[in-house]
Amino acid sequence: MPAPDLNEQIQQLHSLAQGFEELHDRVRDLSYSPGTNALHQITPLLLKAQELTATALGHLTALDNSAYTRLTGTRAGREALSATVAGASLACTDLAEAISANPYEGASFEGSPAGDAQVRAARHADAIPRMNGHLKDAALQLDVGATACLYLATSITNSLPTAAPRPPQAAQQQVATKPSTARPALPPVTAAPPRSR
C-alpha cells in the first residue's frame, strides 16, 4: 500500500485503541444484579468485544497485504496486532463465561426441590465472585488491546520514510546559481619594477 494508506491505518488504529479503552471502562465499571439484569448488562459488552475483535482482525489482514511488511522491523508490530486479536477474543470468552456463570431464574424440572429464597441467595453468592473474575479478566484483555494498538500505530509512524534532507552538493549549486550583487574582484596590485638610472 502507498504511504497514505498506512497513514490511514495509523488513524484507524488510534480509533481502535479508543474503542478498546471505552469498552475496558464499561466492563470495569459495570454494576449489575445477578440474573436477568446481568444478562442485559453484559450482552452489549460481549457484542462490542466481538466487533472490536473483527476490526482488529481486519487491520491485521490489511497490514499483511501492504507495503508495511517490507519495512524494516515491522514484524513485531504485526505480532502485537495478532496478539491483540487473540486478546480481544479472550475478552469475548471472558464475557461469555460471565454470562454462563450468571444464575438464571425459572421453573425447575418436575420432581426437583422447589427453590426458596435461601437457595437463591446461595446461588447468587456462588455466582458473583466467578462472574466478577471473568469481568476482571475481560477488562485486562481490553486494556492490553488498547496499549497494543497504540504501540502499533507508533511503530508504523516510526517506520514510514521521512523526507530526505537536501544533499550538501545541491545546496552549493543553489548558492552558485544565485546572481551576485558583490563587485567583481580587482586584479592583484603588483609593485612596479625599479627604474634604471
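This is a predicted model, so every value here is computed, not measured.
- The CG atom of Leu152 lies 9.5 Å from the OG1 atom of Thr74; values are rounded to the nearest 0.5 Å.
- In terms of the side-chain hydrogen bond (donor to acceptor under 3.5 Å, both in side chains) criterion, residue partners of Gln18 (sequence neighbours excluded) are, by chain and number, Glu22.
- Going from atom CG of Leu135 over to atom CD of Glu97 covers 11.5 Å, rounded to the nearest 0.5 Å.
- For Ala148, the side-chain contact (heavy atoms from CB on, under 4.5 Å) partners two or more places apart in sequence, or in a different chain, are Thr84.
- In this structure, the side chains of Thr43 and Leu95 stay at 4.5 Å or more apart for every pair of heavy atoms.
- A search for side-chain hydrogen bond (donor to acceptor under 3.5 Å, both in side chains) contacts involving His59 returns Gln9, not counting sequence neighbours.
- The shortest non-hydrogen separation linking Thr53 to Ser89 is CG2-OG, 3.4 Å.
- In terms of the side-chain contact (heavy atoms from CB on, under 4.5 Å) criterion, residue partners of Thr69 (sequence neighbours excluded) are, by chain and number, Asp64, Arg78.
- Closest approach of Cys149 to Leu16, counting heavy atoms only: SG-CD2, 3.6 Å.
- Hydrophobic cluster membership differs between Leu150 and Leu63, with clusters built from Ile, Leu, Val, Met, Phe, Trp and Tyr side chains linked at under 4.5 angstrom.
- Side-chain contact between Phe20 and Asp25 is absent, with no heavy atoms from C-beta onward closer than 4.5 Å.
- Here Leu140 is tied into one hydrophobic group with Val144, each link being a pair of ILVMFWY side chains closer than 4.5 Å.
- Between the CD1 atom of Ile99 and the CD1 atom of Ile42 there is a distance of 5.5 Å, given to the nearest 0.5 Å.
- Applying the side-chain contact (heavy atoms from CB on, under 4.5 Å) criterion to Ala127, with sequence neighbours excluded, gives Pro103, Arg130, Met131.
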Show me the donor-acceptor pairs within less than 3.5 Å that the side chains of residues 27-39 make with the rest of the protein, sequence neighbours left out.
{"residue": "Tyr32", "atom": "OH", "partner": "Asn132", "partner atom": "OD1", "Å": "2.7"}
{"residue": "Asn37", "atom": "OD1", "partner": "Ser33", "partner atom": "N", "Å": "2.8"}

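- Residue Leu142 holds its CG atom at 10.5 Å from CZ of Arg26, rounded to the nearest 0.5 Å.
- Residue pairs satisfying the side chain to side chain donor-acceptor pair (under 3.5 Å) criterion with at least one member in residues 137-149, sequence neighbours excluded, are absent.
- In this view, Arg123 and Glu105 satisfy the salt bridge (Lys or Arg N to Asp or Glu O under 4.0 Å) rule, not counting sequence neighbours.
- By the side-chain contact (heavy atoms from CB on, under 4.5 Å) test, Ala153 pairs with Ile10, Leu13, His14, sequence neighbours left out.
- With sequence neighbours left out, the side-chain hydrogen bond (donor to acceptor under 3.5 Å, both in side chains) criterion links Ser155 to Tyr68.
- Residues Leu46 and Gln50 form a side-chain contact, since some pair of their non-hydrogen atoms from C-beta on lies under 4.5 Å apart.
- In this structure a side-chain-to-backbone donor-acceptor pair under 3.5 Å is present from Asn65 to Thr61.
- In this structure, Glu79 has no side-chain hydrogen bond (donor to acceptor under 3.5 Å, both in side chains) partners at least two apart in sequence or on a different chain.
- Taken from CG in Asp94 to CG in Leu45, the straight-line distance is 12.5 Å, to the nearest 0.5 Å.
- Atoms CD1 and CG, on Ile156 and Asn7 in that order, are 9.5 Å from each other to the nearest 0.5 Å.
- Ala146 and Glu21 make their closest contact through CB-CG, 3.5 Å (heavy atoms, listed as atom of the first residue, atom of the second, distance).
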